[in-house]
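Each remark here refers to the structure printed beneath this line.
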Amino acid sequence: MWKSAANTPDLQNIRVQTLQPAWLKNGVGLDVLRLDLIHPYVSGNKFFKLKFYLEEAKRRGHDTVATYGGAYSNHIAATACACSIQGLKSIGIIRGERPRLLSHTLQEAISHGMQLYFMARDAYRLKQLPSELTDSVYLVPEGGYGIPGMNGAAGIMEYTPSLETYTHIVVATGTGTTLAGITSAAASGQALIGISVLKGNYDLRHATERLLPEAGTYADFSILHDFHFGGYAKSNGSLLNFMRETWYDLGLPTDFVYTAKALFSIKALMAGNQFAQGSRILFIHTGGLQGNKSLPAGTLPF
Ligand SMILES: *Cc1c(COP(=O)(O)O)cnc(C)c1O
């Protein structure tokens with residue numbers, strides 16, 4: 001899908017690995033789909049979500065793509081990177097005033113040629129396009145939320161050999177786009193579990209269902225709201241310790257905004273005997289490691 005070159009995202013790097021953390025029990029198997037291996041900083045699932053949007057932009061003859069996000073948004077970083085690979089210009093509309101010091105995420109976006117517009121929070125909420133942006137720009141919704149995003153995310157499952165052997169598939173969830181895509185590609189007997197990383201985002205089930213075809217035609221999915229650790233991009237000592245432990249014991253890097261919370265939920269559900277004897281779990285590592293750069297230096301050993 002993408003050209004392969006040094007430091008360019010490469011889907012050939014995706015692997016399924018078996019994890020054997022000490023907290024596994026009851027004969028349960030745990031595999032991880034490593035979308036984080038696509039690129040060291042630019043998030044895994046975001047490339048899948050962007051695929052059909054960027055194809056559509058080109059088909060309609062646009063040379064510039066614009067999208068929305070916060071200063072730490074994986075979606076902004078990924079859009080900048082994917083557009084530069086596809087020969088498209090990109091514009092990031094960033095929530096809030098321009099800070100004195102740009103975040104690593106925004107610096108990364110600029111390094112891929114993205115032009116940034118900072119928008120006051122009220123205007124941002126209304127998604128009013130700056131007047132200097134004309135009709136010539138192709139707009140990708142915030143977070144890639146939408147049917148093209150879901151269809152792109154469904155492609156994630158093509159990278160899972162023996163997909164049908166898993167009883168449970170677990171993924172960190174923000175907008176629900178990736179969860180919807182995975183759900184649409186899963187078999188009807190599989191249990192999909194989305195771990196909401198926002199606090200009290202009870203609209204998430206509806207937002208996910210809105211993307212999916214008619215009810216009853218896709219696998220069962222559930223959303224858990226108890227693993228946000230205080231809210232979006234919040235963390236605490238127990239989450240950071242879990243991330244260190246996961247790195248030392250399994251060699252698996254996670255990010256504190258999404259993937260660490262999802263993997264932690266599997267550990268907690270395991271402790272509560274929520275997985276039947278012999279279950280086989282697939283944890284989708286959606287990437288996002290660039291987000292860890294916003295932690296104080298030295299917080300994590302990776
Ligand atoms: C954006 C993101 C998600 C959430 O994806 P949605 O499709 O918005 O639910 C999960 N994990 C990582 C690492 C992300 O960057």
Side-chain angles (χ1 to χ4, degrees), residues 9 14 32-53 67-82 103-105 108-109 140-157 169-185 192-198 201 203-212 221-225 227-229 232-233 235 239 243 246 252-266 282-294:
I14 298 174
V32 57
L33 178 65
R34 300 277 312 265
L35 301 183
D36 60 306
L37 294 176
I38 294 173
H39 187 273
Y41 300 120
V42 187
S43 172
N45 66 329
K46 297 297 186 282
F47 282 102
F48 287 91
K49 289 203 286 183
L50 284 165
K51 180 181 179 217
F52 293 120
Y53 287 115
T67 195
Y68 301 89
Y72 301 97
S73 162
N74 291 329
H75 172 67
I76 287 289
T79 303
C81 184
S103 66
H104 286 288
T105 308
E108 171 92 19
V140 175
E142 187 171 27
Y145 177 81
I147 305 275
M150 170 185 75
N151 289 335
I156 290 172
M157 303 317 271
I169 301 175
V170 180
V171 68
T173 304
T175 63
T177 313
T178 304
L179 177 60
I182 287 165
T183 298
S184 73
L192 288 303
I193 305 174
I195 305 304
S196 177
V197 301
L198 285 93
N201 183 19
D203 182 48
L204 186 51
R205 165 164 284 277
H206 183 59
T208 306
E209 278 170 352
R210 216 154 41 210
L211 299 177
L212 284 160
F221 75 88
S222 50
I223 292 172
L224 302 186
H225 292 281
F227 298 101
H228 55 71
F229 285 79
Y232 183 72
S235 66
L239 185 71
M243 292 171 73
T246 301
L252 186 71
T254 51
D255 81 292
F256 77 101
V257 181
Y258 293 98
T259 54
K261 293 177 182 181
L263 186 58
F264 186 96
S265 78
I266 298 176
L282 179 69
F283 164 53
I284 300 185
H285 192 315
T286 39
L289 297 175
Q290 67 92 22
N292 288 342
K293 287 189 181 179
S294 68

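Atoms within a ligand are numbered from 1 in the order they appear, just like the ligands themselves.
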Is there any N or O on [X] that sits under 3.5 Å from an N or O of ligand 1?
X	answer
Asp255	no
Gly176	yes
Thr175	yes

Quick check: closest heavy atoms across Ala260 and Met243, and the distance to 0.1 Å?
CB-CG, 3.5 Å
So Ile156 and Thr178, do their side chains get closer than 4.5 Å, heavy atoms only?
yes
Atom 4 (C) of ligand 1: closest protein heavy atom, distance to 0.1 Å, is Gly174 N, 3.5 Å
Atom 1 (C) of ligand 1 [closest protein heavy-atom partner, distance rounded to 0.1 Å]
Lys46 NZ, 1.5 Å
Donor-acceptor under 3.5 Å (Asn74 side chain, Thr105 main chain):
no
Taking Ser103 for its side chain and Ala71 for its backbone only, find out whether a donor-acceptor pair lies under 3.5 Å.
yes
Supply the atom-to-atom distance Ile195 CD1 to Thr259 OG1, rounded to the nearest 0.5 angstrom.
12.0 Å
OG1 (Thr173) and CG (Leu224) are apart, to the nearest 0.5 Å, by 9.0 Å
Heavy atom under 4.0 Å from ligand 1: found in Asn45's side chain, backbone, both, or neither?
side chain
Is it the side chain, the backbone, both or neither of His75 that has a heavy atom closer than 4.0 Å to ligand 1?
neither
Does ligand 1 have an atom under 4.0 Å from some heavy atom of Leu179?
no
